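In what follows, a structure is listed as structure tokens, so that the remarks can point back to it.
Remember, it's a predicted structure, so these values are computed and weren't measured experimentally.
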Amino acid sequence: MTTLLIAEHNSSVLSSSTLSALTAAQAIGNDIHVLVAGKNIESIADAAANLTSVSKVLCANADIYEYALAEPMGDLIVHLSAGYSHIVAPSNSESKDFMPRVSALLDVGQVSDICAVLSADQFKRPIYAGNAIATVTVLDDKKVITVRASSFGKNTQKNEQACAVERIDFVAESGLSSWQSDDITESMRPDLASASRIVSGGRGVGSGDNFALVEALADKLGAAVGASRAAVDAGFVSNDLQVGQTGKIVAPDLYMAFGISGAIQHLAGMKDSNVIVAVNKDEDAPIFQVADYGLVGDLFSVLPEMTNKL
């Protein structure tokens with residue numbers, strides 16, 4: 001049995017979530033091949049070839065794969081699927097697009113967002129916004145799996161000698177969809193999905209202007225900035241900062257929540273953090289049930305004081 005791991009990258013470097021998905025693939029116990037698809041991605045393929053436990057890298061270098069659209073990516077993966085028992089990808093906005101298409105074309109079920117590997121055909125995944133963990137046994141010959149990166153450590157070990165890189169000449173057709181544009185927010189702060197420290201604000205922050213207090217503390221800590229869905233819906237910050245079930249799932253070393261009550265959907269996205277600090281004026285806020293450190297107080301007094309102390 002062999003596992004095909006679909007690499008996530010930004011056309012420059014492999015993402016940290018790929019390293020977490022590699023850890024999950026290792027737990028399955030098969031030989032591991034990595035598929036790197038995109039445009040001008042030879043350097044990324046070379047980087048993948050140096051990762052431990054990877055026995056082969058497949059490099060699909062073509063314009064059609066540049067934006068990881070569901071139709072060409074799905075056709076490519078299905079074209080390569082014959083020799084693989086497991087097809088694994090980190091759970092992200094791109095894999096949520098093409099992996100269901102892969103499972104449909106292969107006529108098998110998909111196991112989404114796994115958080116543990118029990119065996120080659122048995123996995124754990126969260127359900128009901130993380131309030132229950134389901135154990136799923138897959139009977140299909142091919143297993144199509146997405147991995148919750150925050151549940152697995154990042155495999156950064158390197159091979160002493162790089163494995164073989166095989167060029168894939170298959171070029172999929174574009175299908176009905178096409179790429180139009182990317183609206184990318186540039187930030188000097190760490191990426192929210194992979195940051196080791198996160199400072200988040202909620203509805204209690206009150207306005208977008210007041211989020212400057214959250215950002216000031218984050219900058220002192222070298223942290224990423226996050227937000228609850230309520231803050232995003234209110235227009236305080238852009239939705240790429242949303243943490244929660246319908247936003248980004250994070251598990252940093254330190255998560256600080258200011259003015260966030262702790263709705264179940266938000267907790268599902270951050271409760272695996274190593275240390276959780278919560279500040280809220282409501283002593284009955286649900287966030288305090290998961291917090292390691294809780295302070296009942298006014299964030300407009302606490303935030304400036306914390307920033308000044310630092």
Would you say the side chain of E166 lies within less than 4.5 Å of the side chain of V57, judging by non-hydrogen atoms? no
Of I198, I287, I260, the one forming a side-chain contact (heavy atoms from CB on, under 4.5 Å) with M270 is I287
Distance-only polar pair, side chains of Q180 and S178, donor-acceptor under 3.5 Å: yes
Please check if the number of heavy atoms outside R229 that lie under 6.0 Å from its CZ is greater than 12. no
To the nearest 0.5 Å, what is the distance between CG (L303) and CE (M256)? 8.0 Å
According to the ring pair (Phe, Tyr, Trp, His ring centres under 6.0 Å) rule, which pairs have a member within residues 285-310, sequence neighbours left out? none
What verdict does the side chain to side chain contact (heavy atoms under 4.5 Å, CB included) test give for D253 and R197, after you've listed the backbone C-alpha separation in whole Å, the side-chain angles of each residue and the deciding distance to 0.1 Å? CA-CA 6 Å; D253 295 330; R197 302 171 183 175; 5.6 Å; no
Is a side-chain N or O of H86 found less than 3.5 angstrom from the main chain of A120, in a donor-acceptor match? yes
So do the side chains of S261 and D282 get within less than 4.5 Å of each other, counting heavy atoms only? no
Which heavy atom of A172 sits nearest a heavy atom of D75, and at what distance? CB-CB, 4.0 Å
Heavy atoms, side chains only, cut-off 4.5 Å: are L80 and L58 in contact? yes
Show which residues join I133 in its hydrophobic cluster (side-chain heavy-atom contacts under 4.5 Å, direct or indirect), or state none. none
Quick check: are there more than 12 heavy atoms from other residues, nucleotides or ligands sitting under 6.0 Å from CZ of R203? no
Distance-only donor-acceptor check, side chains S301 and E305, under 3.5 Å: no
Under 3.5 Å, is there a donor-acceptor pair linking the side chains of E8 and T18? no
S200: side chain to side chain donor-acceptor pair (under 3.5 Å) partners, not counting sequence neighbours: Y255
How far does NZ of K309 sit from CG of L217, to the nearest 0.5 angstrom? 14.0 Å
Under a 3.5 Å threshold, yes or no: a donor from one side chain and an acceptor from the other, between S43 and D46? no
Are any side-chain N or O atoms of E71 and backbone N or O atoms of S177, one a donor and one an acceptor, separated by less than 3.5 Å? yes
Between A82 and K142, the two heavy atoms sitting closest are O-NZ, 3.4 Å
For the student: nearest non-hydrogen atoms of S194 and S16, plus distance: CB-OG, 3.3 Å
When you measure from the side chain of Q26 to the backbone N and O of S53, does any donor-acceptor pair fall under 3.5 Å? no
For the side chain of S91 and the backbone of V147, is there at least one donor-acceptor N/O pair under 3.5 Å apart? no
Which residues pass the side chain to side chain donor-acceptor pair (under 3.5 Å) test with Q265, sequence neighbours left out? none
Is there side-chain contact between C163 and S55, with at least one heavy-atom pair below 4.5 Å? no
Side chains of S207 and D209, donor plus acceptor under 3.5 Å: no
V214 reachable from V237 in the ILVMFWY side-chain graph, under 4.5 Å edges: yes
Here the pair of heavy atoms bringing A37 nearest to M73 is CB-SD, 3.8 Å
Can V290 be reached from L254 by stepping across I, L, V, M, F, W or Y side chains whose heavy atoms are under 4.5 Å apart? no
One pair to check against side chain to side chain contact (heavy atoms under 4.5 Å, CB included): T246 and Q242. What are the steps and the verdict? CA-CA 8 Å; T246 54; Q242 182 178 325; 2.9 Å; yes
Which heavy atom of A195 sits nearest to which heavy atom of A224, and what is that distance? CB-CB, 3.6 Å
Ignoring hydrogens and angles, tell me if any N or O in the side chain of K56 forms a donor-acceptor pair with the backbone of V34 under 3.5 Å. no
D140 side chain to G109 backbone, donor-acceptor under 3.5 Å: yes
Evaluate R148 against D113 for salt bridge (Lys or Arg N to Asp or Glu O under 4.0 Å), listing each step before the verdict. CA-CA 5 Å; R148 175 172 285 196; D113 228 21; 3.0 Å; yes
Treating Ile, Leu, Val, Met, Phe, Trp and Tyr as nodes and any side-chain heavy-atom pair under 4.5 angstrom as an edge, say whether I32 and V117 lie in one connected cluster. yes
Would a single hydrophobic cluster contain both L35 and L105, if residues Ile, Leu, Val, Met, Phe, Trp and Tyr are joined by side-chain heavy-atom contacts under 4.5 Å? yes
Test question: given the 4.5 Å side-chain rule for I, L, V, M, F, W and Y, name all other residues clustered with I127, or answer none. Y128
For the atom pair CG (L267) and CG (N131), what is the distance rounded to the nearest 0.5 Å? 8.5 Å
Ignoring hydrogens and angles, tell me if any N or O in the side chain of D292 forms a donor-acceptor pair with the backbone of I276 under 3.5 Å. yes
Run the numbers on V111 and V144 for side chain to side chain contact (heavy atoms under 4.5 Å, CB included), then give the verdict. CA-CA 6 Å; V111 186; V144 178; over 6 Å; no
Decide yes or no for L51 and L22: does some side-chain heavy atom of the first lie under 4.5 Å from some side-chain heavy atom of the second? yes
Less than 3.5 Å apart, any donor N or O on the side chain of Q157 or T52 sitting next to an acceptor on the other? no
Could you state the interatomic distance from CG (N210) to CG (L213), rounded to the nearest 0.5 Å? 6.0 Å
Would L106 and F170 show up in the same hydrophobic cluster when neighbours are defined by side-chain heavy atoms closer than 4.5 Å? yes
Check: V243 main-chain N/O paired with H266 side-chain donor or acceptor under 3.5 Å: yes
Do T137 and F123 pass the side chain to side chain contact (heavy atoms under 4.5 Å, CB included) test, and can you show the C-alpha distance, the side-chain angles, and the key distance before you say yes or no? CA-CA 7 Å; T137 301; F123 312 92; over 6 Å; no
Can you name the nearest heavy-atom pair linking I6 to P90, along with the distance? O-CD, 3.3 Å
I'd like to know if the side chain of S20 pairs up with that of T23 as donor and acceptor (distance under 3.5 Å, no hydrogens or angles considered). no
Between V250 and S150, is any pair of side-chain heavy atoms under 4.5 Å apart? no
OG of S112 to CD1 of I145: how many Å apart, nearest 0.5 Å? 10.0 Å
Would you check, one step at a time, whether the test salt bridge (Lys or Arg N to Asp or Glu O under 4.0 Å) holds for R189 with D219? CA-CA 8 Å; R189 299 187 182 94; D219 291 341; 2.8 Å; yes
Pairs meeting criterion ring pair (Phe, Tyr, Trp, His ring centres under 6.0 Å) with involvement of residues 27-64, two or more places apart: H33-Y84
From S17 OG over to L19 CG, what is the distance, rounded to the nearest 0.5 angstrom? 8.0 Å
Can you find a pair of side-chain heavy atoms, one from I87 and one from S81, that are under 4.5 Å apart? yes
For a 4.5 angstrom cut-off between non-hydrogen side-chain atoms, does K248 reach D240? yes
